[in-house]
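Read the structure below first, then the notes.
Side-chain atoms are counted along with the backbone in the values below, which use heavy atoms only and exclude waters and symmetry mates. We name chains A, B, ... by the order of the sequence lines, and we start the count at 1 in each one. All figures in this text were calculated on a predicted structure; none of them were measured in a lab.
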Amino acid sequence: MYRHTIGQRAYVFNDLKTLLARATPLRSGDVLAGVAAATYEERVAAQYALADVPLRTFLHEPLVPYEQDEVTRLILDTHDAAAFAPIAHFTVGQLRDYLVSDAADATALHALAPGLTPEMVAAVSKLLRNQELIAVARRVEVITRFRNTLGLRGHLATRLQPNHPTDDLRGIAASLVDGLLYGSGDAVLGINPATDNPKAVSDLLYMLDAVREQYAIPTQSCVLCHVTTSLQLIEQGVPVDLTFQSIGGTEATNTSFGINLGLLQEAHEATLSLGRGTLGQDVMYFETGQGSSLSANAHHGLDQQTCEARAYAVARRFRPLLVNTVVGFIGPEYLYDGKQIIRAALEDHFCGKLLGLPMGVDVCYTNHAEADQDDMDTLLTLLGVAGCNYIMGIPGADDIMLGYQSTSFHDALYVRQVLGLRPAPEFEAWLAQQGIFSAQGQLLPAASARLLGQLPPALR
Amino acid sequence: MSNLPDLPPAAPEPDPWASLRAFTAARIALGRTGASVPLHEALAFKLAHAHARDAVYSVLDTERLLAELATLGLPLHQVSSRAQNRQEYLQRPDHGRQLAEESKAHLVADAECDVAIVLADGLSATAINAHAVPLLGLLLPELRATGLHLGPLVLAEQARVALGDEIGHLLRARLVLVLIGERPGLSAPDSLGAYFTYGPRPGLTDEARNCVSNIRSAGLPYAAAAAKLSWLLREALRRQLSGVALKDQADLLTE
C-alpha cells in the first residue's frame, strides 16, 4: 500500500502497478485501460509517493507474477546485483536526482545499465520532464555493428523504408534508389512486406542483397517479416542479414505476436550462424510501441509506458543492432495528440538508452491522431538533440503501404544540418565516393551521383 | 542593382530520376531546395493530409442518405453509439462498439432475417456519403435474386465495426454486413470497408469477421465489390460461419 497526503486529502494506491499507472503523465491509452489518475492532483500525489519507493522494491514486488510471466522471470533472473550495488540504497526520487546530476556521465550510466530493471527506469521516467529525458539520454552512447558502426556520438542514422502496397519489386527499387540518392539507409535497408508469404519475402531479400552488393553499400538489409518466416528462410539459405520481430513487455503480449523467448533465442542463434556481419555480429532488429499490450488485452493492469519498458528487457537479451519504438503508429486511443506522442517518444528513447539499447524512433502519426508534420518536426529535433541512434527515411514522409506518416529523406538532411549530425562513418565514406555527399557531408547536386548512371536491373 | 545577391530559381527542378515515378505511387524524386522539398510538393502533402483530416471529422449526410436509401425498399433505422462526439469516439473505441441506450429501443425485430445491413460512419463518413448507395444499388438485387430475406438498413453514427454485432443481434439477423468508412490515408480519404459477421452478438472480435476493403472508384469498383460480397455472404450463410475459417476457404477457391 502506498500513500500520499495533500492538504486534507489522503491518496492511497493499493499496489506498485497502480502507483506507477497513476503517476504516469496523461495519455489516452491509460484512460482507456482505466488505470490513469482521475485528477491532476492525484497524478502528482502518486509522483510524490513514487519518489519515496526504494528501488529494491522493484526486485521484490513483481508487477506481473513471476510464475505467470516469462518476461518477469527474464527481468529478475538476469538482474546484475553487482551493477545495481552503487544505487541499491536509492529511492526512485534519489535515482532521479542522481541521473540528472553531473556525476551520471557516460561511463557511469554504461556501468549501471545491467543493474537497472525496466520497472525502475519506467518509474524514474515518470518523475522527469521532457528536457531531463533528453539531457540524460544524450549522455548514453550505445554502439552496435554489423557492416557499419551505429550509435556513435554525433551521428544519426536512417532506416531506408521503401515500402510498396503490393511488394512490387520495381516500385520498391524505385524508392530504394531515391533514398540512397538522398543519403538514406545506414541503419538498414528495411522493407515492411505487404504479406508474410515466404516466397515474396525471399524475393525481396534477394533484391535488396543484389542492390547492396552491386553498389558495395556498407549497410545491412532486412524484410520485416515474422520471426518464424525468417527462421524458415535462413534454413533455405536466403540471404538474411538481420532477423526482425515486434515484441511486447508481457508474455501474453508476445503470445499475441506468435512468439516467446525460446523462439527468439532460436532465431538469434540461427541468424548468428550465417556470420554475414563484417564489422560485428549484432543481428537482431526489434520494434516496440506503447499500447501493444493493452491492444492485445495483455497488460495485467499496468500502464502502457511500463509495459513498453519491459519490452526492452526482451530486446536487450538478444544484443540487437537496432531497436525502435513506432511511437505514433498505434492511434489516438493510445496516444491522442502530438503532445502525447512527443512525450511517449522521449520516454521510450530514454528508457531504452538507460537499459543499454541502441534506440531509434519511428517519428510518426496516423491521420486520425491530432498531430501533423509540425509535431513531427518538433519531435525529430528533440530526438536529434537527445542522441537518438536512428530515424526512418520514407519518400516524402508518406508510407503508401502502412498508411501513416513518418520522417522523410529530406527530414534527415534537415536534422543533420541543424544539429551537425553525420551518417555512420562507413556509410558517409561510401556516400562521398558515390558523389552523393561532399567530403564535408553536404548533399551534392543530384546529377553528380554515380549511381544514376547504373540503375539496378529492376529499373532498367 | 548589381550588388543584389543571385536569387534561387523560382521553382526548384525535379530530380533527374523523375522517370522512376512510373514504378510507384510513393513520393519519390521530389527535388529539393536546401534540405526542404519544393513548395508545390509541401503543399500537395498538406492538401492530402487536410483531406484525410476533414474525412475523419466528416458527418453522415443523413437527410440525403435517408431519402436515397428509402428507394431501396427496406425499412430504415437511425442509431448512435455510446460515443457522443468525435473526440470521445477517437479515444474510446469501446464506446463506439456499444449502442446508446435510446437507440436500442428502435431495433425491435418481429421475425428473423438473413442479412441486416449497417451503414456506419467509422473514420470517414465521406466514404459512406459517396459510396454506400451506389454499392447497395448493385448488391441488394444480387442478394434478393438468391432468395435471401433482407432485414432493415441501419444508419449508425459514431460507430465502430463491432457495433454491427449488437445491431444484428437485436434485429435477429443471421448475418450482419457493416459498410464503414475506413481510416483515411493520404491517397484515399474516402475508402469504404465492408465487414460481415455470421451469428452476430455483442462481444465478438476481429477473428469472427471477414472484410472486403478499399471500395472506391480508384480502388475496388462497386460492381466487383458487390459480386465478391454477394458470393462471400451466401457462402457464410450456407456454411454458417464467418471469420478465419471462411477466409481460408475463400483463399483456396481463388488460388
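- One finds the CG atom of B/L30 at 9.0 Å from the CZ atom of A/F409 (value rounded to the nearest 0.5 Å).
- A/H164 NE2 to B/F23 CZ: the interatomic distance, rounded to the nearest 0.5 Å, is 11.0 Å.
- In this structure the side chain of B/R53 reaches within 4.5 angstrom of the side chain of A/E370, judged on heavy atoms.
- Ranked by non-hydrogen atom pairs under 4.5 Å with chain A, the options B/V56, B/L186, B/L20, B/T24 are led by B/L186.
- Side-chain contact between A/V31 and B/Q91: absent, with no pair of heavy atoms (C-beta onward) separated by less than 4.5 Å.
- Contacts from residues 449-460 of chain A to chain B, taken as heavy-atom pairs separated by less than 4.5 Å, involve A/L452, A/L455, A/L459 in sequence order.
- Top candidate by heavy-atom pairs under 4.5 Å with chain B, chosen from A/I172, A/T366, A/D168, is A/T366.
- The candidate with the highest count of non-hydrogen atom pairs below 4.5 Å against chain B, out of A/S28, A/A369, A/A397, is A/A369.
- Of the listed residues (A/A447, A/A174, A/S408, A/G403), the one with the most heavy-atom contacts under 4.5 Å to chain B is A/A174.
- There is no contact between A/Y334 and chain B, counting heavy-atom distances below 4.5 Å.
- Side-chain N or O atoms of A/H410 include one that pairs as donor or acceptor with a backbone N or O of B/G31 at under 3.5 Å.
- Side-chain contact check for B/H49 versus A/N367: some heavy-atom pair is nearer than 4.5 Å.
- The closest donor-acceptor contact from the side chain of A/D178 to the backbone of B/A29 lies under 3.5 Å.
- Here B/S124 contributes atom OG and A/H368 contributes atom NE2; the two are 12.5 Å apart, rounded to the nearest 0.5 Å.
- Interface remark: of the candidates A/I394, A/D398, A/V177, A/D398 forms the most heavy-atom pairs closer than 4.5 Å to chain B.
- Put simply, OH on A/Y336 and CD on B/Q87 are 4.5 Å apart, with the number rounded to the nearest 0.5 Å.
- The shortest side-chain heavy-atom distance between B/S36 and A/L413 does not fall under the 4.5 Å cut-off.
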